[in-house]
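Right, one structure below, let's go through it.
Count residues from 1 along the sequence. Indexing begins at 1, ligand by ligand and atom by atom, following the structure's order.
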Amino acid sequence: MSTKSLAFDATTTTTCGYCGVGCRLEAHTSGGAVVAISPAADGPANHGHACVKGRFAHQFTRSRERLTTPLIREPGAAAGTFREATWEEAVAHVSTELLRIKGAHGPDAIAGLASSRATNEDC
Ligand code: SF4
């Protein structure tokens with residue numbers, strides 16, 4: 001399928017989130033949804049190519065279960081109960097809690113986890 005013959009509302013350059021290669025992709029949207037992906041010709045890691053996952057596995061962007069806003073679980077809240085928060089509030093909350101844990105238990109009480117499915121910027 002050639003994406004050049006199809007009409008899209010917008011095309012946004014992005015980085016594939018499926019693995020650590022970091023292929024540069026063009027996300028084509030219509031009606032506010034991703035409807036096609038093509039590899040970016042100028043991608044320094046992929047030089048105009050993309051594997052089948054990066055090229056075609058974009059259905060998850062339309063999942064009704066996809067989180068679109070940060071969620072915070074309040075102390076004492078029932079398991080699985082969260083409230084929506086702004087990104088500023090969420091980042092401030094994480095910062096405050098990390099400092100609290102470090103102060104109470106020392107720096108070895110904190111660990112980080114990165115994923116090959118995250119971009120360098122996400123990590
Ligand atoms: S397109 Fe394929 S090889 Fe490239 S980053 Fe995505 S999953 Fe990895």
Closer than 2.8 Å to atom 8 (Fe) of ligand 1: does that hold for any N, O or S atom in Cys19? yes

What atoms of ligand 1 come within less than 4.0 Å of a heavy atom belonging to Gly22? 5 (S)

Using a cut-off of 6.0 Å, state whether more than 12 heavy atoms not belonging to Arg73 lie near its atom CZ. no

Contact check, side chains of Ile110 and Ile101, non-hydrogen atoms, under 4.5 Å: yes

Kindly assign one of parallel, tilted or perpendicular to the pair Tyr18 and Phe60, based on the angle between their ring planes and the thresholds 30° and 60°. perpendicular

Salt bridge flag under 4.0 Å for residues Glu97 and Lys102: no

Any N/O/S atom, side chain or main chain, of Cys51 closer to atom 2 (Fe) of ligand 1 than 2.8 Å? yes

Measuring from Leu67:CG to Glu84:CD, what's the distance to the nearest 0.5 Å? 9.5 Å

How far is atom 6 (Fe) of ligand 1 from the closest protein heavy atom, and which atom is that? Cys16 SG, 2.3 Å

In ligand 1, the atoms that come under 4.0 Å of a heavy atom of Tyr18 are 7 (S)

Option set Cys23, Ala50, Pro39, criterion heavy-atom distance to atom 4 (Fe) of ligand 1, minimum: Cys23

